[in-house]
Amino acid sequence: MSDSPPQQPSHSPRNRPGSGQGPGQGHGPEGTQGSPGAPGPAAPESTTLLLAGARLTDGRTVDVRLGGGRIQAVGTAGSLPAAAGARVDLTGYLLLPAPAEPHSHGDTALTADSEGPVSYSPDEVQRRATEAALLQLGHGATAVRSHVRIGDVHGLGPLEAVLQARRSLRGLTDLTTVAVPRLLTGVAGADGLAMLRDAVKMGASVIGGCPDLDPDPTGFLEAVLELASEHGCPVDLHTDGDDPARLSRLAAMAGGLRPGVSIGPCGGLSRLPLDAATRASDQLAAAGVRVTCLPQGDCAALERRGLRTAPVRLLRAAGVRVAAGSGALRDAGNPVGRGDPLEAAYLLASQGGLRATEAYHSVAGAAREAMGLPEVRVEAGFPAELLAVRGDRIASVLSLAYSRIVIHRGRVVARTSAVREYCDSAVAVALDLPRQGRTEPGP
């Protein structure tokens, strides 16, 4: 069986910027022509792309036609015509709604191996945030929410740099920012609150922070919710979740806020007595508070290590909408973090007790919902935010998610082609083990 790369569409001519709506849209260049075989610049809305021979999770093999950033049609294999060159052969691939990354830290990503103090110069932060978003895009996440610290000696510089990265990535991935102040109460918190207001004016679309680290967690939460209500922003907070009384107050205060409140990683919920964790889960569900867990390990924002993953099954049983994020990407929170949503889903399936389909939904549909993004299905009319992974069902994809093709706004924006080869042997030939076809003798 061959594991050679699928056929790629030919490059389209450079064209005007698109005019779609959504996070990260409306700013920055469309992208530039890459090396042969690499994704080209953003295609005009009239361009169509045919995904041929893709397998769906229900077992069907179909053709999928994309156009205008949406899925135009889904038909039986061979039933949909394609324009010359605008075709990708997805034989052997499972086609899925693309994951989204609801919890990343672009300003601190890729700093684990830094020699000496980490640089927070605007150019360096922008470089890290851009590289991190592209790494996550290669894994399949076509939308990324980046929590960015503001205040201290760096002020709003890191946020400005990540916003610039967002503009430069337009057409490749949608990057949104969460402003994360350290303190919001007392004398020291006055500057933080003023800076948080400035961050929202600059373009931070979500208000965050770590109430656990403020001397007055309730006052911190009150300040965040008031500002979010004033500006119509969602809230996404860091909390360990190990204090039932604090979670109860949060649920009571956050229940009426629209467009909503997310908290995470909530690993402390796993350390609470079962009855206390159950009551807290029920309260969060009643208030409509979402939880974003981090199966791959915590981020550095809480300045703690070794926390357990949130009790996902307990939360889901209570009716809490649970998404999964990747957290740290090779920074102090997790020096070996991969930023791979499929690994997060794998861990939820292998260790968190979820079925493979539930685990994948946590990094795809649930993650998109937590980020306020439209739903994606492989059906006509839905956004063309898709991930094709070599495999025939979700369980096999989570087990061996090597070759991936990422589609954002209806065009191929990233591709990873993994090739496994075995030396020539009767066993390998008899089992038809996956390898790249070739005619020359093997080693």
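- Atom CD of E226 is surrounded by 12 or fewer heavy atoms from other residues, nucleotides or ligands within 6.0 Å.
- A distance-only check finds no donor-acceptor pair linking the side chain of S229 to the backbone of L225 [under 3.5 Å].
- The shortest distance between side-chain heavy atoms of T130 and S168 falls below 4.5 Å.
- R127 places no side-chain N or O within 3.5 Å of a backbone atom of P122 that could act as its donor or acceptor partner.
- Side chain of T278 to main chain of L274: a donor-acceptor pair is present (N/O by atom type, distance under 3.5 Å, no hydrogens or angles).
- Although no hydrogens or angles enter the test, the distance criterion places a donor-acceptor pair under 3.5 Å between the side chain of T173 and the main chain of T142.
- A search for salt bridge (Lys or Arg N to Asp or Glu O under 4.0 Å) contacts involving R355 returns E358, not counting sequence neighbours.
- A salt bridge does not link R290 with D236: none of the charged nitrogens is closer than 4.0 Å to a carboxylate oxygen.
- A salt bridge is defined here as a Lys NZ or Arg NE, NH1 or NH2 lying under 4.0 Å from an Asp or Glu carboxylate O, and R409 with D174 meets this definition.
- Salt-bridge check for R321 with E369: passed, with a basic side-chain N closer than 4.0 Å to an acidic carboxylate O.
- A salt bridge is defined here as a Lys NZ or Arg NE, NH1 or NH2 lying under 4.0 Å from an Asp or Glu carboxylate O, and R404 with D340 meets this definition.
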Go through the steps to decide whether D392 and R55 satisfy the test salt bridge (charged side-chain N to carboxylate O under 4.0 Å, His left out), and finish with yes or no. CA-CA 7 Å; D392 58 358; R55 186 179 180 89; 5.3 Å; no

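- Salt bridge annotation for D214-R182: absent, with no cationic side-chain nitrogen under 4.0 angstrom from a carboxylate oxygen.
- Two residues are said to be in side-chain contact when any heavy atoms from C-beta on lie closer than 4.5 Å; R246 and D212 meet this criterion.
- For the pair P211 and L250, the minimum side-chain heavy-atom distance is 4.5 Å or more.
- Using a distance-only test at 3.5 Å, with no hydrogens or angles considered, a donor-acceptor pair links the side chain of E101 to the main chain of S326.
- For T239 (side chain) and G241 (main-chain N/O), a donor-acceptor pair under 3.5 Å exists by modelled atom type.
- Using a 4.5 Å heavy-atom threshold, the side chains of L387 and P99 count as touching.
- A distance-only check finds a donor-acceptor pair linking the side chain of S403 to the backbone of A418 [under 3.5 Å].
- Counting heavy-atom neighbours within 6.0 Å of Q126 CD, excluding the residue itself, gives a total above 12.
- The shortest side-chain heavy-atom distance between T57 and T357 does not fall under the 4.5 Å cut-off.
- The aromatic rings of H105 and H238 lie tilted to each other, with the angle between the two planes from 30° to 60°.
- In this structure, the separation between CG on L284 and OG on S262 is 11.0 Å, given to the nearest 0.5 Å.
- Contact check for L51 versus D89: no side-chain heavy atoms found under the 4.5 Å cut-off.
- Atom CG of L386 is separated from atom CD1 of I71 by 5.0 Å, given to the nearest 0.5 angstrom.
- A heavy-atom distance below 4.5 Å is not found between the side chains of Y120 and R149.
- Between L159 and L156, the closest side-chain pair of non-hydrogen atoms falls below 4.5 Å.
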Stepwise side-chain hydrogen bond (donor to acceptor under 3.5 Å, both in side chains) check, T185 with D216: CA-CA 7 Å; T185 66; D216 180 4; 4.9 Å; no

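- Side chain of D152 to backbone of H154: no donor-acceptor contact under 3.5 angstrom is found.
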